Peer 1: 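One structure follows; several queries about it will come next.
Numbers here simply count residues along the sequence, with the first being 1. Just so it is clear, the structure is predicted and the values come from calculations on it, not from any experiment.
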Amino acid sequence: MTVAHSHPKNTARDRALRAVTAASALPYSALSAPHRAWWDRFYRKSFLSLPDARLQRFYWIQLYKTASAARRDAPVMATSGPWLEPTPWPNTWWNLNVQLEYWLIHGSNHLELDAVTRALSEFRDQLSREVAAPYRADSAGIPRTTDPQLVNGAAVADGGYGVGIPGQDPPTPEVGNLTWALHNVWLSYRHTMDRSILRDTLFPLLRKAVNYYLHFLTPGADGRLHLPATFSPEYGVNAPDCNYDLMLLRWGCRTLLDSARELGVRDPLTARWEEVLARLTPYPVDENGYMIGAGVPFAMSHRHYSHMLAVYPLYEVNGSTEADRALIEKSLAHWVGFEGALQGYTFTGAASMSALLGKGEDALRYLGQLMSRFIQANTMYKESGPVIETPLSAAQSMHDMVCQSWGDTIRVFPALPAAWQDLTVHDFRTQGAFLLSAVREGGRTRWVRVTSEAGAPCVVRHGIGGDIEVRDRHGRPLDHQETADGTVRIALRKGDSALITAAGDRPDLTIRPVAASEPAPSWGLPA
């Protein structure tokens with residue numbers, strides 16, 4: 001079988017027939033050998049082994065599904081994935097689904113599957129056409145749903161973009177979707193340190209996405225800058241100073257300033273971005289934590305965590321202070337405490353937020369609820385029809401338990417449950433373009449190795465107790481600086497590696513799978 005597409009031309013049928021005819025003339029081995037070689041190369045790009053056999057198998061299957069559904073030069077994944085089943089989700093959804101679908105490619109070292117960066121760059125002119133005419137010269141956005149060329153896939157005029165147009169506003173002005181999608185592009189940049197991503201795609205598009213917000217920011221009587229009513233995805237009520245948009249706008253301005261410094265750009269909007277960071281109204285909060293927006297509390301069951309993006313995945317609020325930590329815990333508990341509308345990715349988001357707080361037991365418990373309540377026997381998932389993003393985001397939640405690299409620090413095994421006494425990770429890709437390998441044995445980290453691909457600053461919270469040694473690939477001591485919280489700063493040039501061990505320890509550095517703690521049934525097979 002094959003698939004061909006030629007719209008608006010009508011040549012697809014003939015192309016498909018030629019491809020099938022040519023393939024049918026070949027021996028099976030001519031087709032199977034390169035296919036198997038591809039899979040062998042794919043799976044060897046990274047390795048994660050943990051003692052929970054059920055989750056271990058689940059993880060490998062998510063990589064299989066991602067490789068089946070994604071190619072850099074292919075369309076961004078449709079929400080139903082590549083499987084042809086009746087579905088109410090036939091388009092590409094940009095208010096959560098795309099973002100979750102592609103998160104796992106970073107840590108698993110599969111940036112060759114990044115269609116998001118390619119598509120946003122290729123169809124950037126369409127992104128400007130999606131906003132209303134008065135703003136197209138300097139702004140861009142993406143509607144809730146699109147076709148493969150990022151053309152509005154819904155029946156809503158202006159694709160959900162009508163802020164500031166009296167009498168023409170659609171019922172749900174969902175403004176933050178492009179900025180959130182560009183966070184995925186930023187992750188691709190940070191995990192590769194490829195300046196062309198930053199220069200050619202992220203900076204110019206993020207500048208336009210933020211520009212759209214700047215048209216509608218207005219000073220209030222309190223001297224703060226405020227947003228008009230916008231929509232927090234799927235909550236059902238518009239709200240001024242919507243947290244979804246405030247959080248993305250703050251991240252966007254900060255990222256633009258950082259990017260301009262990195263690129264050596266003297267942008268005329270620099271002062272405006274700095275003003276937004278200084279004067280933007282605080283995120284609306286009440287006694288239960290983060291609200292939907294000003295005057296709109298979080299007061300009903302809701303599957304999205306769009307009102308908490310500053311916590312995850314933006315890490316703008318990350319528990320670094322006791323007040324922030326208490327706010328995250330309160331908001332998380334309040335969000336998942338409303339039963340009724342919760343869905344699978346509710347629990348993957350809750351697992352990743354728990355991992356941020358270092359709560360491995362909670363993260364595992366949330367993943368357990370996902371598995372028992374929502375995941376099908378073949379690891380698939382459905383909400384009124386099959387959708388692909390939730391199981392893939394569960395793999396990312398596992399990544400967040402095993403390694404985090406936000407804030408310029410690599411955190412090794414930051415949120416492991418007690419049951420995961422043994423664990424191996426190899427060539428896990430982190431921000432800063434490092435490849436991480438590490439082994440945990442009997443509940444303690446034996447060794448950590450980082451290899452630099454870009455020469456970026458290397459800061460590692462290694463989790464090894466007591467005195468440590470840091471050596472290069474030849475076993476020679478490396479200069480480093482230790483801090484009181486178990487973090488080490490190492491000067492690594494591009495291509496260099498550092499091995500971190502307990503002082504005097506010479507562990508076996510062989511990468512091997514860990515033993516399963518107990519038997520578990522295979523996915524997709526009858527009991």
Peer 1: Would you say the ring centroid of H183 lies under 6.0 angstrom from that of W186?
Peer 2: yes
Peer 1: Please walk me through it: do L249 and L217 pass side chain to side chain contact (heavy atoms under 4.5 Å, CB included)?
Peer 2: CA-CA 11 Å; L249 175 57; L217 275 179; 4.0 Å; yes
Peer 1: Please give me the minimum heavy-atom distance between D485 and R461, naming the atom from each residue.
Peer 2: OD2-NH2, 3.2 Å
Peer 1: Between CG of N211 and CG of L206, what distance do you get to the nearest 0.5 Å?
Peer 2: 10.0 Å
Peer 1: Measuring from atom CG of L257 to atom CD of E274, what distance do you get when rounded to the nearest 0.5 angstrom?
Peer 2: 5.5 Å
Peer 1: Go through it in stages, so that I can follow the logic: the residues are H334 and F338, the test is ring-ring contact (aromatic ring centres under 6.0 Å, His included), and I'd like the CA-CA distance, side-chain angles, deciding distance and then a yes or no.
Peer 2: CA-CA 7 Å; H334 186 65; F338 283 98; 5.0 Å; yes
Peer 1: Assess whether side chain to side chain contact (heavy atoms under 4.5 Å, CB included) is satisfied between S188 and H106, documenting all intermediate values.
Peer 2: CA-CA 7 Å; S188 291; H106 301 109; 3.1 Å; yes
Peer 1: Decide yes or no on side chain to side chain donor-acceptor pair (under 3.5 Å) for S397 and T348, but give the supporting numbers first.
Peer 2: CA-CA 6 Å; S397 297; T348 67; 4.6 Å; no
Peer 1: Closest approach of L342 and F374, non-hydrogen atoms and distance?
Peer 2: O-CZ, 3.7 Å
Peer 1: Looking only at non-hydrogen atoms, find the nearest pair between P148 and F123 and report the distance.
Peer 2: O-CE1, 3.5 Å
Peer 1: Given W94, which of T145, V76, L178 fulfils the side-chain contact (heavy atoms from CB on, under 4.5 Å) condition?
Peer 2: V76
Peer 1: Please identify which of these residues, H110, E453, H191, H399, meets the side-chain hydrogen bond (donor to acceptor under 3.5 Å, both in side chains) condition with R429.
Peer 2: E453
Peer 1: Between Y290 and H307, is the ring centroid distance below 6.0 Å?
Peer 2: no
Peer 1: How close do T379 and Q62 get, counting heavy atoms only, and between which atoms?
Peer 2: OG1-NE2, 3.3 Å
Peer 1: Between R411 and W406, is NZ or CZ placed under 6.0 angstrom from the six-membered ring centre and within 45° of the ring axis?
Peer 2: yes
Peer 1: State the CG-CZ distance between L256 and R272, to the nearest 0.5 angstrom.
Peer 2: 13.0 Å
Peer 1: Going through the distances and angles, do E322 and R325 end up as a salt bridge (Lys or Arg N to Asp or Glu O under 4.0 Å)?
Peer 2: CA-CA 5 Å; E322 286 299 318; R325 187 177 182 90; 5.7 Å; no
Peer 1: So which atom in N177 and which in Q99 form the shortest heavy-atom distance, rounded to 0.1 Å?
Peer 2: O-NE2, 3.7 Å
Peer 1: Any chance the rings of F216 and Y213 have centres within less than 6.0 Å?
Peer 2: no
Peer 1: When rounded to the nearest 0.5 angstrom, what distance separates CG in L111 from OG1 in T117?
Peer 2: 8.0 Å
Peer 1: Before accepting this row, confirm whether a basic side-chain N of the pair R489/D408 lies closer than 4.0 Å to the acidic partner's carboxylate O.
Peer 2: no
Peer 1: For Q126 and L150, which heavy atoms make the closest approach, and how far apart are they?
Peer 2: CG-O, 3.3 Å
Peer 1: To the nearest 0.5 Å, tell me how far S306 OG sits from F298 CZ.
Peer 2: 8.5 Å
Peer 1: How many angstroms lie between CG in L280 and CG in L246, if you round to the nearest 0.5 Å?
Peer 2: 5.0 Å
Peer 1: Parallel, tilted or perpendicular: which one describes the rings of Y312 and Y305, with boundaries at 30° and 60°?
Peer 2: tilted
